[in-house]
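What follows is a short report on a single structure.
Heavy-atom basis, side chains included; hydrogens, waters and symmetry copies ignored. Chain letters run A, B, ... following the sequence lines, proteins first, then strands; residues in each count from 1.
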There are 2 protein chains.
Amino acid sequence: MNASPLGEGAKVAILMQGYLRNHFGKLGFGMLRYSPADIVAVVDGENAGGDLRALTGIPRCAPIVRSCSEARDLGAETLVLGVAPPGGRLPQDWWDEVLAALRLGMLVVNPLHSPLAANEEVRRAGGRVWDVRVEPPDLDTASGRALGLSCARVLTVGTDMAVGKMTASLEMAFAARRMDIAAEFVATGQTGICIWGSGVAVDAVRLDFAPGAVERETLRASESGAEVLFVEGQGAINHPAASAVLAIMRGCMATHLVLCTRAEQRSLWRFPDLPVPPLQSLIETYETMAAGGGAFPRPKTIGIALDTHELDEPEALQAIERLEREVGLPVVDPVRQGAARLIQAFLQTR
Amino acid sequence: MNASPLGEGAKVAILMQGYLRNHFGKLGFGMLRYSPADIVAVVDGENAGGDLRALTGIPRCAPIVRSCSEARDLGAETLVLGVAPPGGRLPQDWWDEVLAALRLGMLVVNPLHSPLAANEEVRRAGGRVWDVRVEPPDLDTASGRALGLSCARVLTVGTDMAVGKMTASLEMAFAARRMDIAAEFVATGQTGICIWGSGVAVDAVRLDFAPGAVERETLRASESGAEVLFVEGQGAINHPAASAVLAIMRGCMATHLVLCTRAEQRSLWRFPDLPVPPLQSLIETYETMAAGGGAFPRPKTIGIALDTHELDEPEALQAIERLEREVGLPVVDPVRQGAARLIQAFLQTR
């Protein structure tokens, strides 16, 4: 079905080079947790031979190998850079592995800020590269065509960066599929793209074309005949550096919203002086923006995805219950509980 | 004061090459109407020797000459491409004039989509080029620092593209200055940049950096000691292809809004099936977005700028009066009437 080099059945290796226990490897961890691809190996010289489940806590079995050459021997056809190095420049030993993979004929998927395709050494290695975090070619401005789609578009919106918008969207897509609902995911960031095998990194697209880029992915995802698209949100309306949410809203013309937040979040992570406004007020703002003053149908917020990973189980359940009483909407931690309740809430709106 | 090659006292020629009577020349017309620079010549072979005021209706005196060489002889140091050719590619005779200007040592200001600086012929001509419509270097994400500014930030927002947002912002800046208020303009599009001599074309900036780009221009403009900055808005919240308004709101952290619309506008220009929502509803939406659900101070809408250029004078005045009764805010056509009433309304909010 999915012909993407990162889709179902694809043979993938992830380069984690010494970062199997570090948050710089968050893209690799996301793939280990959620990728439908066949992850045939993790390349990490430091941890080669180790137990992936024990090291990461993620229930995925794959051998940890020393080099791309070993990964290739195991059948890997694609190498994904699973780590974003601090500072952004690839250390020499990572770079050596990338070149080795290219010379072995592997496709290298690069989610880092700096594109590799134009690199001289990459070209000399005769390599094939997919730079995920660049503006795709042949974009156009948006047309509003998503308004005419028969499938629902459920967009995650947030109270901050990194409060689980991608995770909630993925968990909802999986939960919907388990309930026999034809669901697709629309990735708008590099990790989502690597997990799903398609999408667009909106942050790398010129503002003029950003809604059009999301629209293109939305229309493409709808062509599978999905009943519902789960669109990965970005940023937050209460964040001074974030403005992607409007481009995504216009591109997908959301019919439903899910608000994502962190349990007991008082202020923005990078702006501790900026308190997070009341969730009811954020919900109102997101719905109002999406409706464009009445130009477009106003989406309905179906519930809240609460990231409780910093709490233990009883605390988490208490926090969920408290918030549910407070806001009067279904609240779940999609990682702890799955997203079935959000899908049920969605179905009740139809 | 203004060291820009397009600022006060700068010696500028505008290339209009056969387009002195055509809307493709709208950037050149904008400069003729509003530029503080000394426009020493308009280059237009077809209309050379003609009367600029008679041809354009704009009260600016400048000779129309045949070539950049003649403009150079008149003292021009900078050539601005005043026309956007249909299709986007420069016709050969325009291109010849550009190369001639570069060889004469003139700076060429290029507001077109395609950058010229990297062009091989331009480099061989040893030319200096300012590509206005590209992402500036060394951008960062926004920091919210505009929140701490002591000057007001008045942002124009709209009911559509091309409803006079730039014009209203400029007219307000001029009206404020005439009332001895220290005012600056912050340009966010190519015409505004060419008129004011600084600014950023947000549509060409990657989404991640767009609020930061506007923030940088806002902070820079505030350094003059201005009491108020008039920030040029873009797009419209009710337009399916537009999303720049949020990036601009976050970059400048608007304290006041002015809604711009066209008299009797029923629907979007490029989307005739999309009716324009009630203005009250658009105002509410813009203010709500700017406030970010309560994270930032809610801006106050001080009035409406109404583009009445399609109406005759009595019709225009009737339309203004009617709208003022309907919305309960001051309404002016800034081109017909000047923007003094909007500035008075602004002063009453202080």
Which atoms of [X] are under 4.5 Å from chain A, going by heavy atoms: the side chain, the backbone, both sets, or neither?
X	answer
B/Val205	backbone
B/Ala244	both
B/Phe271	side chain

Which atom pair, heavy atoms only, marks the closest approach of [X] to [Y]?
X	Y	value
A/Met253	B/Pro240	CE-CB, 3.7 Å
B/Pro277	A/Ala295	CG-N, 3.6 Å
A/Ala210	B/Leu207	CB-CD2, 3.9 Å
A/Ile237	B/Phe296	O-CE1, 3.7 Å
B/Leu246	A/Met289	CD2-CE, 4.0 Å

Return yes if some donor-acceptor pair links the side-chain N/O of A/Thr285 with the main-chain N/O of B/Gly292 below 3.5 Å, else return no.
no
Test your reading of the model: is there a side-chain donor-acceptor pair from B/Arg206 to the backbone of A/Val134, 3.5 Å cut-off?
no
B/Arg298, CZ: over 12 other non-hydrogen atoms inside 6.0 angstrom:
yes
Atom CZ of B/Arg133: over 12 foreign heavy atoms under 6.0 Å
yes
Quick check for you: among [options], which has the greatest number of heavy-atom pairs under 4.5 Å with chain A?
options	answer
B/Arg270, B/Glu135, B/His239, B/Met249	B/His239
B/Ser143, B/Ala236, B/Pro275	B/Ser143
B/Gly235, B/Gly144, B/Ala142	B/Ala142

Are the side chains of A/Phe209 and B/Asp203 in contact, using a 4.5 Å heavy-atom criterion?
no
What part of A/Ala242 gets closer than 4.5 Å to chain B, counting heavy atoms only: side chain, backbone, both or neither?
backbone
Test side chain to side chain contact (heavy atoms under 4.5 Å, CB included) applied to A/Val202 and B/Asp208, step by step
CA-CA 8 Å; A/Val202 279; B/Asp208 214 14; over 6 Å; no
